[in-house]
Amino acid sequence: MMKKKKQVPEWMNSSLWSSPSDHHRFSPPSPPPPPPPVSVREDPPTNHNASPSSSSVDSSASASSAADDISSQTQLLTELSRKMIDMRELRRVASQGIPRAAAPALRPTLWKLLLGYLPSDRALWSSELTKKRSQYRHFKDDLLMNPSEITRRIYNSAAHDIDDAKSETRILLSRSQITHEDHPLSLGKTSIWNQFFQDTELIEQIDRDVKRTHPDIHFFSGDSQLAKSNQDALKSILIIFAKLNPGIRYVQGMNEVLAPLFYVFKNDPDEENAAFAEADTFFCFVELLSGFQDNFCQQLDNSIVGIRSTITRLSQLLKEHDEELWRHLEVTTEVNPQFYAFRWITLLLTQEFNFSDILHIWDVILSDPEGPQFIGSFLKGKMIRTRSKLLRCVSLERTRVCYSLQETLLRICCAMLILVRRRLLAGDFTSNLKLLQSYPSTNISHLLHVANKLRVQSG
């Protein structure tokens, strides 16, 4: 007796959920205004051809949505105001979505908590932020300084002990005072100049990629002072990360993963937090990559934690929930998931949706109730104080973190496939590949609803 193929519920493919976008894929979100006391989601565009009965249904749905937003915002504010925050409860509430009107004010603190950058004890926030921001300043001083400045400081420090007056006026070293290792032409492994020249290619690559980050968003791109300042911050973060992580270094695409974090923290209504957005973003970027870093490590591509294994899990997930679609894609039309899913997974969907929707999707990825409660805390105490490694972690812990975060992301990717199943089932290799490499506009709330259904069904 043949095994009956698993079919997806018809409601998943309802045309009611399609929502053609009236803005460019990378159109920037509006500057975040201070949130009103009560947040109400914007009404959907008016359908002038709708019947009176459908209008009443839309009004009822809108009222219900507004009520849900008010309830969600109230619950989030309640959880965030506690002296000792219950992270499990905060994750549960946040996984339902952050009301869009309140998101600019709530998201910066929420993401810092969900990533483990802020401790659950509010009394420790101030001291923890002061410590981390000071540490980042030292990273910049140690890792971004020109070798000539390093040499000058070393000399001035030594000269100060001998002759304070002379050290203030002395600028250049005499040739006899420059050691072999400090000479610009030295090829020694410990030479700061040799290391500086080796890093030049890396820095140039980061610079090119940062300038290409979201080219249609003025916050990131253009000739304005704001854009240039933000680009400099992104470059500094990526260079420091690369130097502290020689095993991973910088991989093209990290700039795209970094961008949402920096945008959220830089637009924090709290001016002090916004002023330290670069430092906060660096540490949250480290915490985020602790769950996804294996996707960027080429040496692990074929391992059980590498990108190919992750793509295979997506294929298995689709087969589990919609075998007909899986068979049509991978057997009949031979669309290898690596052709489209590699970018989806490694860049955390940052290239598939408009920017404001990316932030909403990340809310769900970071706050999944079944996510690890130690997502950020497992690195505590393991950040060493030298340049050799920043992400030194116990392999078992890393595997658990990676698995949990990846599974949340993979469910969303699987839901993306299911939502366009009709078009995929009717398509051939060329049309399906084109569709998946340029994913169509969709209703993000429904996408996340379907992804959550997959989690429940899998459980």
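Values reported hereafter were calculated over all heavy atoms of this structure, with side chains retained and with hydrogens, waters and symmetry mates removed.
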Ser95 versus Val364, closest heavy-atom pair with distance: O-CG2, 4.2 Å
Has Ser236 got a side-chain atom pairing as donor or acceptor with Asp232's backbone, closer than 3.5 angstrom? yes
Does any part of the side chain of Thr109, heavy atoms only, come nearer than 4.5 Å to the side chain of Asp270, both counted from C-beta? no
Let me confirm one number: the CD1-CH2 distance from Ile412 to Trp344, rounded to the nearest 0.5 Å. 11.5 Å
Could you go step by step and tell me if Leu348 and Leu288 meet the side-chain contact (heavy atoms from CB on, under 4.5 Å) rule? CA-CA 11 Å; Leu348 307 189; Leu288 179 63; 4.1 Å; yes
If every non-hydrogen atom of Ala103 is compared with every non-hydrogen atom of Pro108, which pair is closest and at what distance? O-CD, 4.0 Å
Atom of Arg91, atom of Leu114 and distance for their closest heavy-atom approach: NH2-O, 3.3 Å
Could you state the interatomic distance from CD1 (Ile98) to CG (Asp363), rounded to the nearest 0.5 Å? 3.5 Å
Nearest non-hydrogen partners of Leu417 and Leu424, listed with the distance: O-CD1, 3.7 Å
Is there side-chain contact between Cys284 and Lys112, with at least one heavy-atom pair below 4.5 Å? yes
Min side-chain heavy-atom separation Val420-Pro440 under 4.5 Å: yes
Checking the side chain of Thr281 only, and the main-chain atoms of Ala277 only, is there a donor and an acceptor separated by less than 3.5 Å? yes
Pair Asn267, Phe219 - check side-chain contact (heavy atoms from CB on, under 4.5 Å), show working. CA-CA 10 Å; Asn267 286 290; Phe219 179 86; 3.7 Å; yes
Side chain to side chain contact (heavy atoms under 4.5 Å, CB included) with Leu366: which of Ile361, Leu110, Leu115? Leu115
Less than 4.5 Å apart, any side-chain heavy atom of Ile206 and any of Asn255? no
Does any donor atom in the side chain of Asn230 or Tyr263 lie under 3.5 Å from an acceptor atom in the other side chain? no
How close do Gln437 and Arg343 get, heavy atom to heavy atom, and via which atoms? O-NH2, 2.7 Å
Note, Leu113 side chain near Trp125 side chain (heavy atom, < 4.5 Å): yes
When you look at Thr430 and Lys434, which way does the side-chain contact (heavy atoms from CB on, under 4.5 Å) test go after all the steps? CA-CA 6 Å; Thr430 302; Lys434 182 178 179 181; 5.6 Å; no
Just verifying a value: how many Å separate Arg88 CZ and Arg92 CZ, rounded to the nearest 0.5 Å? 12.0 Å
Are Trp362 and Leu349 close enough that some pair of their side-chain heavy atoms sits under 4.5 Å apart? no
Are Arg82 and Glu79 ion-paired here, with the side-chain N under 4.0 Å from a carboxylate O? yes
Are any of the side-chain heavy atoms of Phe220 and Val210 separated by less than 4.5 Å? no
Flag yes if more than 12 heavy atoms outside Arg212 fall under 6.0 Å of its CZ atom; otherwise flag no. yes
Interatomic spacing from CG in Leu329 to CD in Glu334 - rounded to 0.5 Å: 11.5 Å
Working for side-chain contact (heavy atoms from CB on, under 4.5 Å), residues Trp326 and Asp322: CA-CA 6 Å; Trp326 170 83; Asp322 191 345; over 6 Å; no
Between Lys228 and Asp223, is the closest basic N to carboxylate O distance under 4.0 Å? no
Would you say His328's side chain and Ala426's backbone share a donor-acceptor pair under 3.5 angstrom? no
Ion pair check, Asp207 and Lys211, cut-off under 4.0 Å: yes
Which atoms form the tightest heavy-atom contact between Leu314 and Cys414, and what is the distance? CD1-N, 3.7 Å
Are the side chains of Thr333 and Leu433 in touch, meaning some heavy atoms are under 4.5 Å apart? no
Looking at Thr78, is its backbone amide N or carbonyl O close enough to the side chain of Ser81 to form a donor-acceptor pair, meaning the two atoms are under 3.5 Å apart? yes
Any side-chain donor near an acceptor of the partner, Asp428 and Ser431, under 3.5 Å: yes
Counting only heavy atoms not in Glu89, do more than 12 sit closer than 6.0 Å to its CD atom? yes
Option from Lys319, Arg421, Arg422 for which salt bridge (Lys or Arg N to Asp or Glu O under 4.0 Å) with Glu324 holds: Arg421
What is the ring orientation for Tyr439 with Phe353, classed by angle as parallel under 30°, tilted 30 to 60°, or perpendicular over 60°? perpendicular
Under the side chain to side chain contact (heavy atoms under 4.5 Å, CB included) test against Leu410, which residue among Leu454, Leu317, Leu318 passes? Leu317
Within this structure, what is the OG1-CD distance for the pair Thr312 and Gln338, rounded to the nearest 0.5 Å? 8.5 Å
Run the salt-bridge test on Lys235 and Asp209 with the 4.0 Å N-O cut-off and return the result as yes or no. no
Using the ring-ring contact (aromatic ring centres under 6.0 Å, His included) definition, which of the options Phe265, Phe276, Tyr136, Phe262 pairs with Phe282? Tyr136
How far does OG of Ser438 sit from CD of Glu352, to the nearest 0.5 angstrom? 8.5 Å
